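Scroll down for the structure; my scribbles are underneath it.
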There are 2 protein chains.
Amino acid sequence: MTEVTRSAARRSATLEDVARVAGVSRATVSRVINGVRNVAPEIQETVRQAVEATGYVPNSAARSLVTRRAGAVALVVSGTGARDSDDEAARTRIFTDPFFGRVVSGVLSGLRPKGLHPVLMLADDADGREQVLAFLRQGNADGALVVSTHAEDPLPAQLARNGLPVVLFGRPQPRVPVSHVDLANHEGAALAADHLFARGCRRTAVIAGPSAVPAARERLDGFREAMKRRGLPDVPHAEADFTQAGGERAMTRLLADHPELDGVFAANDLMAQGALAILREQGRSVPGDVAVIGFDDSSAATAGRPLLTTIRQPVEAMAEEMTRILLDGLDRPDRPDRRAVSVVFEPSLVVRQSA
Amino acid sequence: MTEVTRSAARRSATLEDVARVAGVSRATVSRVINGVRNVAPEIQETVRQAVEATGYVPNSAARSLVTRRAGAVALVVSGTGARDSDDEAARTRIFTDPFFGRVVSGVLSGLRPKGLHPVLMLADDADGREQVLAFLRQGNADGALVVSTHAEDPLPAQLARNGLPVVLFGRPQPRVPVSHVDLANHEGAALAADHLFARGCRRTAVIAGPSAVPAARERLDGFREAMKRRGLPDVPHAEADFTQAGGERAMTRLLADHPELDGVFAANDLMAQGALAILREQGRSVPGDVAVIGFDDSSAATAGRPLLTTIRQPVEAMAEEMTRILLDGLDRPDRPDRRAVSVVFEPSLVVRQSA
DNA sequence: AAACCTCGATAGAGCGCTCTCACGGCATGC
DNA sequence: GCATGCCGTGAGAGCGCTCTATCGAGGTTT
């Protein structure tokens with residue numbers, strides 16, 4: 001084998017090669033490969049055989065260049081609140097949270113029918129945000145799915161300003177018109193309050209999420225408002241960071257300040273687990289002495305004993321809907337109806353053992 | 001503004017535009033944008049200003065087309081064992097496992113210096129494997145990081161056969177020469193055995209992972225061999241699926257068959273948590289009546305009480321090393337030293353409360 | 001002073017694909 | 001019988017970039 005043929009064998013087949021083998025033009029092969037439009041059946045067959053014979057695989061860079069479509073979407077985790085972008089512990093924490101895994105799972109489900117795959121990006125500081133922006137503007141991805149945590153996260157606005165298709169998990173800042181999916185957090189928290197009240201709890205407390213996170217605020221407010229309606233206007237709370245360790249610290253504080261507690265509502269399951277651990281250590285039985293309700297119905301809810309009573313958030317379905325909205329927007333010929341779409345999901349109460 | 005100028009403004013600036021503004025050639029602008037080689041400082045400055053003025057962003061499809069580099073790597077989760085690819089529960093389970101999150105975190109760390117981002121792919125059936133293969137052959141990614149679970153997973157071999165750069169998490173089948181990172185699972189299991197023995201446990205059992213997973217086999221074998229060396233050749237075990245629920249079932253079975261148990265080694269932390277839950281339910285104190293050791297030192301280890309004594313697997317560091325190996329291979333000019341590289345990490349014992 | 005380098009910049013080919021436009025052949029309408 | 005329309009195919013431009021070959025200017029060598 002000469003040097004020439006070897007290098008020829010090395011480089012993979014192109015449309016040109018297939019066309020030559022099939023005895024047709026490049027354009028015809030292209031038509032067969034993509035949406036088959038007006039090509040005689042017998043020629044289609046010939047082309048297909050030529051593709052087989054040459055082992056042809058379309059080059060996506062070339063295709064993207066002319067179609068101006070990347071055929072990819074970015075999945076951005078934004079604003080983790082890591083102070084330092086080298087803070088691997090913080091990064092691991094967010095990716096280890098069951099919430100993240102459920103989002104990934106839902107996104108994958110939503111993308112699968114279209115044969116797309118998400119590019120994972122972390123935008124936890126200005127530099128990371130710049131990277132996401134550049135990535136999209138360079139055409140590496142056609143749109144972004146953003147899981148943003150902080151309310152003041154500027155990324156959604158930046159993306160929207162650049163005219164890039166975005167869908168958010170969670171409500172964006174009021175002034176930013178961006179498509180998103182969300183959960184009725186108020187209602188979820190009220191469900192928890194009602195259940196605790198019905199059990200007879202009158203001295204409840206809340207382990208809240210970071211006040212910078214809108215969903216966390218809504219859960220706290222929703223719970224307090226529901227209790228107020230029942231004549232209990234004073235519900236103490238401690239703020240934590242959505243982690244188990246944070247939940248432990250918050251529970252410890254709460255117990256010290258309010259030893260008479262008989263019910264706890266945690267803004268997510270991880271913190272509820274932390275609460276459970278501390279209650280056990282301090283010799284309080286759950287749900288006998290203190291009833292505990294979590295939020296999310298993630299895998300953490302059934303990870304320990306007692307099994308956690310919790311408010312279910314259909315994260316997978318929400319993530320799937322998020323990709324659907326994005327893909328719809330990409331398909332649409334740009335102009336018409338470019339307004340932001342939003343879909344709000346309803347939470348539900350899942351009663352197990354802890355309350 | 002006329003229709004023409006508007007559409008001109010719409011489409012983003014190209015190299016040509018920048019060159020015109022800067023009064024130089026396309027090639028010079030290209031040199032400035034990329035590795036700056038032999039360009040007079042003042043011209044560099046002029047070009048930079050022109051880039052600024054035009055808001056130029058390089059088009060990566062065009063670049064990829066000529067460089068034949070995608071500037072992306074695939075992160076493939078392969079062989080989850082989901083029977084049905086529509087089995088969302090199974091999919092969520094794998095992504096919810098802290099192990100996955102740690103891998104993602106490590107990969108991100110390894111990719112960050114190069115400004116790359118992983119494309120997430122799930123290859124849980126033949127169709128998924130085909131997609132991964134096609135994706136890489138189309139040049140969408142330059143290489144793959146594969147987290148493969150089953151020993152008989154054909155994907156690594158398929159990729160290697162196609163000459164695509166791959167690095168595996170975990171040892172591949174014996175006959176497949178593929179770069180990988182791995183943990184000394186035998187040694188880790190022996191560490192667990194030694195610790196239990198030193199505590200006085202003589203009636204231990206193992207909650208093993210799926211026998212199709214090489215790492216699971218090694219952990220079981222390592223534990224049994226270590227116990228055998230100490231004169232305890234009979235260590236019962238129950239096989240589970242690396243999930244908490246599976247751990248619970250295995251523990252229940254083990255307890256029924258061997259009520260006299262005084263020590264349990266679980267092949268991962270999730271199953272150890274399951275064991276803890278069952279032991280509590282059955283009124284056995286941990287570590288008083290039964291000592292428990294997990295494996296991984298994931299977030300699950302500190303998720304409940306008692307805190308789990310476990311064998312630490314440095315997943316983040318392993319994942320980071322995995323990307324380093326892949327990127328090194330991509331940089332190298334192909335031919336020389338194309339042999340498979342492997343790096344084996346050492347586990348360590350982390351003593352907490354459960355043993 | 002002529003020949004030779006060297007360095008910085010340009011011209012232009014070409015990566016592999018899609019898509020518009022033109023064209024030939026055939027059926028249809030008057 | 002000739003104009004008309006449609007359908008299937010081919011020719012060719014061009015997407016935005018990189019990179020090789022080339023050229024010109026200025027300095028050095030003999």
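All values reported here derive from a predicted model rather than from experimental measurement. In the text below, chain A, chain B and the rest are named by the order of the sequence lines, each starting its count at 1.
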Would you mind classifying the nucleic acid contact of B:Ala40 as base, sugar-phosphate or nothing, using non-hydrogen atoms under 4.0 angstrom?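 Sugar-phosphate, backbone atoms only, no base.
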Can you tell which of [options] lies closest to the side chain of [X]?
X: B:Asn34; options: D:dG10, D:dT18, C:dA9; result: D:dT18
X: B:Thr28; options: C:dT18, C:dA9, D:dC17; result: C:dA9
X: A:Leu65; options: D:dC15, C:dT18, D:dT9; result: D:dC15
X: A:Ala27; options: D:dA11, C:dC17, C:dG14; result: D:dA11
X: A:Thr14; options: D:dG10, D:dT9, C:dC17; result: C:dC17

Which is more 5' along DNA chain C, the nucleotide nearest B:Val24 or the one nearest A:Tyr56? Just name the residue. B:Val24
Starting at atom [atom1] of [X], determine the distance to atom [atom2] of [N], rounded to an integer number of angstrom.
X: B:Arg20; N: C:dA11; atom1: CZ; atom2: P; value: 14 Å
X: A:Arg68; N: D:dG16; atom1: CZ; atom2: C1'; value: 8 Å
X: A:Arg69; N: C:dC17; atom1: CZ; atom2: P; value: 19 Å

Take A:Leu120 and B:Leu75 through the side chain to side chain contact (heavy atoms under 4.5 Å, CB included) test and state the conclusion after the steps. CA-CA 10 Å; A:Leu120 205 55; B:Leu75 173 54; 5.7 Å; no
Please give the angle, rounded to 10 degrees, between the axes at the start and the end of the helix from C:dA1-D:dT30 to C:dC30-D:dG1, where five pairs define each axis. 50°
With no hydrogens and no angle check, just 3.5 Å: does a side-chain donor-acceptor pair link B:Glu316 and B:Ser109? no
Please tell me whether B:Asp17 and B:Thr54 have a donor and an acceptor in their side chains that are separated by less than 3.5 angstrom.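 No, B:Thr54 and B:Asp17 have no side-chain donor paired with an acceptor closer than 3.5 Å.
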Side-chain N,O (A:Thr67) to OP1/OP2 (C:dT18) below 4.0 Å: no
Kindly say if A:Ser25 contacts the phosphate of D:dG10, meaning a side-chain N or O under 4.0 Å from OP1 or OP2. yes
With sequence neighbours excluded, what pairs up with A:Arg137 under the salt bridge (charged side-chain N to carboxylate O under 4.0 Å, His left out) test? none
Can a donor-acceptor pair under 3.5 Å be found between the side-chain atoms of B:Arg26 and the base atoms of C:dT10?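 For B:Arg26, whose side chain was compared with the base of C:dT10, there is no donor-acceptor pair (under 3.5 Å).
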Ignoring hydrogens and angles, does a donor from either the side chain of B:Arg31 or the base of C:dT10 sit under 3.5 Å from an acceptor on the other?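 Side chain to base: pair present.
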Should the heavy atoms of other residues, nucleotides or ligands under 6.0 Å from CD of A:Glu52 be counted, would the total exceed 12? no
Using side-chain heavy atoms (C-beta onward) and a distance below 4.5 Å, is B:Met318 in contact with B:Glu321? no
What side-chain donor-acceptor pairs closer than 3.5 Å can you find for residues 156-172 of chain A, not counting sequence neighbours?
from: A:Asn162; atom 1: ND2; to: A:Gln158; atom 2: O; distance (Å): 2.9
from: A:Arg171; atom 1: NH2; to: A:Glu218; atom 2: OE2; distance (Å): 2.2

